[in-house]
There are 2 protein chains.
Amino acid sequence: MKPKITLKDIARELDVSISTVSKALKNSKEISKDTKDRIKAFAKFYNYRPNNIALSLKNRRTKNIGVVIPDIVHHFFTTVFRGIEKYANSMGYNVIICISDESFDKEVINMEMLANGSIDGFILSLSAETQQKNDYTHLKELLDQGIPIVLFDRVTDEIACDKVVLNDKGISKQAVEHFIDKGAKKVALITTEEFFNVSESRREGYLEGLKDKGVSVDESLILTLPHGLDHTEHITTFFSNNKVDAVLCVNEIFAVQCMSIIQQLGYHIPNDISIIGFTDGILSKYSSPKLTTVAQHGEIMGAKAAKFLIDRMESLEMEEAPFKTEVINATLVKRGSTIN
Amino acid sequence: MKPKITLKDIARELDVSISTVSKALKNSKEISKDTKDRIKAFAKFYNYRPNNIALSLKNRRTKNIGVVIPDIVHHFFTTVFRGIEKYANSMGYNVIICISDESFDKEVINMEMLANGSIDGFILSLSAETQQKNDYTHLKELLDQGIPIVLFDRVTDEIACDKVVLNDKGISKQAVEHFIDKGAKKVALITTEEFFNVSESRREGYLEGLKDKGVSVDESLILTLPHGLDHTEHITTFFSNNKVDAVLCVNEIFAVQCMSIIQQLGYHIPNDISIIGFTDGILSKYSSPKLTTVAQHGEIMGAKAAKFLIDRMESLEMEEAPFKTEVINATLVKRGSTIN
DNA sequence: TATTAACACGAAACCGTTTTCGTAATTTTT
DNA sequence: AAAAATTACGAAAACGGTTTCGTGTTAATA
């Protein structure tokens, strides 16, 4: 057992003051070459490393950033997180992660814990419950205390801060137009309940895409699936009752579920029915046929969010800089589930 | 802007000493009720919260644990991480995460960064490169410094510490026996290169399962896929050249790839060929037929690892406790890709 | 009434750094 | 040779807490 060595230890052993040691290790020219050499050699030999906590206290910055996401098992968040981690790490920051589990209370409690000195700033995607309650006082308080926040994907207009979002609306529109361009007449949308702003945007894009192509909206072609339940039955009855040519799903799980049900019903994909899903995850790559999806470029989003945050934290007191919103362009990855 | 308030601020405003404030807030009976009430009211009003960093420095413990994993996008690690996070959080710990990206250097650098005071202990799964190099000096040094480490899944005998592993061998054996019990004669294994100790164990289990059932080993039924490439061709030629009844795959990606290739070759699953994969992830649940898999219970592993670590950290100086290895029992989740 | 005990609080050390400022000792300038 | 400047270092404050110990007042005991 060889416990960590401190400046004090070095000072004692070498019979100099703590300040001298500190300065010597920082190569200060206040200290003579001889003394510096002695101290450096000793420090190296005992593998001295400054204590991060003491530094944090002194500098009043931790070089930690807090990431709060609703769910880590979800592919999209995972990729965003990876982007955050990579960029943050390259800039010398560590990442403390909290999972809100879609719960308002967890989001609040975790953030308050971290805000008491553990981190210098937050990157956050709102929990479902927070979006439902529409209560953002916890975020406002943190901003009030001077702690910077960057919101991504699940954002809100209520909070003034840097944001990184996807062009959900635009890409949905594009997907719908792609369907129609390839001959589809009846385009369905399979979506979730409305308190996610992303679902909302995707629905808008869907509607706009139809409108632009001069196709009238048929509300019965929009299937809203309840949260958390098994959807097989819903989907089966939907496709039994409606003749559709193309389906846009707001996530890849819905999409592959639709695919197998559609195939069981005897339709051919993509000849009879085309499908596009959101989230270019593992399911899309290994389904058969492979799924055409909207790539959300999570890693890019994460990196951008991290850059926003770090820029703001490091531009000392340049907090006056106006808040920016970066729109990441989703792209359509065309695979076997559509006619391309 | 309403910056954080400190003990000193309260002391100044209320004209008492810092020590009095500290004691009052901790409800010390050294302080009179009157004074306590005043101080508490003031603190509450200004929403005083002690600074975590200062506490860490004083107590010489951060209540942070460092998690180092090779990859966050991989489902298994994600679930383990979730288990760690949940348990740690419930015990008042925060989690700092580093992704080694299967790189030895990243593993070393990240751990050294965190070890200088930022965390009280590590939970770690070895990177592929570390296992290849078989170099664990960085871990030994940390243990030497008195920093506890818990290893999970990708472990090594070289390091004496608490460990949490899966009974890879046992469950593989069980899977093979299940195949044979249901009538399979020719059981294939599709695996990765050998520097992962888990692949090794799974292969051993496979061999043992055959042996126990009195089936002789046919080396040509073991397909080793190279790391990172596209495997379609390998798998296709494998199944074209070999008549097999059942396939055990060491991950779910291999399994679903096999499934689609097998189906394209005109075989029926599970009637002609049965399949079992490892990792009970999203692919297994949404494939058709649904995949019979080995559930690794990552969340349980994570929780157990976190418990090991926290127990050791909190049993002050009870570091004498012998190191334990917990074996998590994987289970077979029987679905449509096997005859059950 | 003198002594002791209980009460209520403050001073100071400590955790491990950085940094400002002060100051002997030496060297340079006049 | 006296004054000024430079060199090389140490003392101390600061970051924000906790905790031990000391002490002046009051209350209880002899």
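Below, chains carry the letters A, B, ... as their sequence lines are ordered, and counting in each starts from 1.
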K.L.:
B:K29 or B:L57: which one's nearest nucleotide on DNA chain C is closer to the 5' end?
P.N.:
B:K29
K.L.:
Write down the distance between CZ (A:R38) and P (D:dA8), rounded to a whole number of angstrom.
P.N.:
14 Å
K.L.:
When the distance from CG of B:L25 to P of D:dG16 is rounded to whole Å, what number comes out?
P.N.:
16 Å
K.L.:
Taking CD1 from A:I39 and P from D:dG10, how many angstroms apart are they, rounded to a whole number?
P.N.:
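In whole Å, D:dG10 P lies 8 Å from A:I39 CD1.
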K.L.:
Compare side-chain N and O positions of A:Y48 against OP1 and OP2 of C:dG16 and report whether any pair is under 4.0 Å apart.
P.N.:
no
K.L.:
Taking the nucleotide of DNA chain C with the closest heavy atom to each, which residue, B:N59 or B:D15, is nearer the 5' end?
P.N.:
B:D15
K.L.:
Classify the nucleic acid contact of B:T35 as base, sugar-phosphate or nothing, counting any heavy atom under 4.0 Å across all strands shown.
P.N.:
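Sugar-phosphate: the residue B:T35, judged by heavy atoms under 4.0 Å, touches backbone atoms but no base.
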K.L.:
Please classify the nucleic acid contact of B:L7 as base, sugar-phosphate, or nothing, using heavy-atom distances under 4.0 Å.
P.N.:
base
K.L.:
Do you know the tightest heavy-atom contact between A:S100 and A:P70?
P.N.:
OG-CA, 3.2 Å
K.L.:
Rounded to whole angstrom units, what separation is found between the CG atom of A:D34 and the C1' atom of D:dC9?
P.N.:
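Distance check: A:D34 CG to D:dC9 C1' gives 14 Å.
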K.L.:
Which is true for B:R61 with a 4.0 Å heavy-atom rule: it touches a base, it touches only sugar-phosphate, or it touches nothing?
P.N.:
nothing
K.L.:
Under 4.0 Å between any heavy atoms, over every strand shown, what does B:S32 touch: base, sugar-phosphate, or nothing? Just pick one.
P.N.:
sugar-phosphate
K.L.:
To the nearest Å, how far apart are A:E30 CD and C:dG22 P?
P.N.:
13 Å
K.L.:
A:S22 near the nucleic acid: base, sugar-phosphate alone, or nothing, with a heavy-atom cut-off under 4.0 Å?
P.N.:
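Counting heavy atoms under 4.0 Å across all strands, the contact made by A:S22 includes a base.
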K.L.:
With a 3.5 Å cut-off and heavy atoms only, can you find an N or O donor on one side and an acceptor on the other between the side chain of A:K58 and the base of C:dT17?
P.N.:
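A donor-acceptor contact between them is absent.
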K.L.:
Could one point to a donor on the side chain of B:K26 or the base of D:dT19 with an acceptor on the other under 3.5 Å away?
P.N.:
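Result: no qualifying N/O pair found.
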K.L.:
Is it true that atom CG of A:D157 has more than 12 heavy atoms of other residues, nucleotides or ligands lying nearer than 6.0 Å?
P.N.:
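Not buried by this count: 12 neighbours or fewer within 6.0 Å.
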K.L.:
Report the distance from atom CD1 of B:I10 to atom P of C:dG10, rounded to the nearest whole Å.
P.N.:
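Those two atoms, CD1 and P, are 14 Å apart.
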K.L.:
Check for me whether the distance between the ring centres of A:F42 and A:Y46 falls short of 6.0 Å.
P.N.:
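Here the rings of A:Y46 and A:F42 have centres that are less than 6.0 Å from each other.
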K.L.:
Is the NZ atom of B:K307 crowded by more than 12 outside heavy atoms at less than 6.0 Å?
P.N.:
no
K.L.:
What is the separation between atom CZ on B:R60 and atom C1' on D:dG17, rounded to the nearest whole Å?
P.N.:
15 Å
K.L.:
Give a yes or no on this: more than 12 heavy atoms of other residues, nucleotides or ligands lie within 6.0 Å of atom NZ of A:K36.
P.N.:
yes
K.L.:
Give A:T6 one of three labels, base, sugar-phosphate or nothing, depending on what nucleic acid heavy atoms sit under 4.0 Å from its own.
P.N.:
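Sugar-phosphate, backbone atoms only, no base.
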K.L.:
Is there a donor N/O on one and an acceptor N/O on the other, under 3.5 Å, for the side chain of B:K23 and the base of C:dG10?
P.N.:
yes
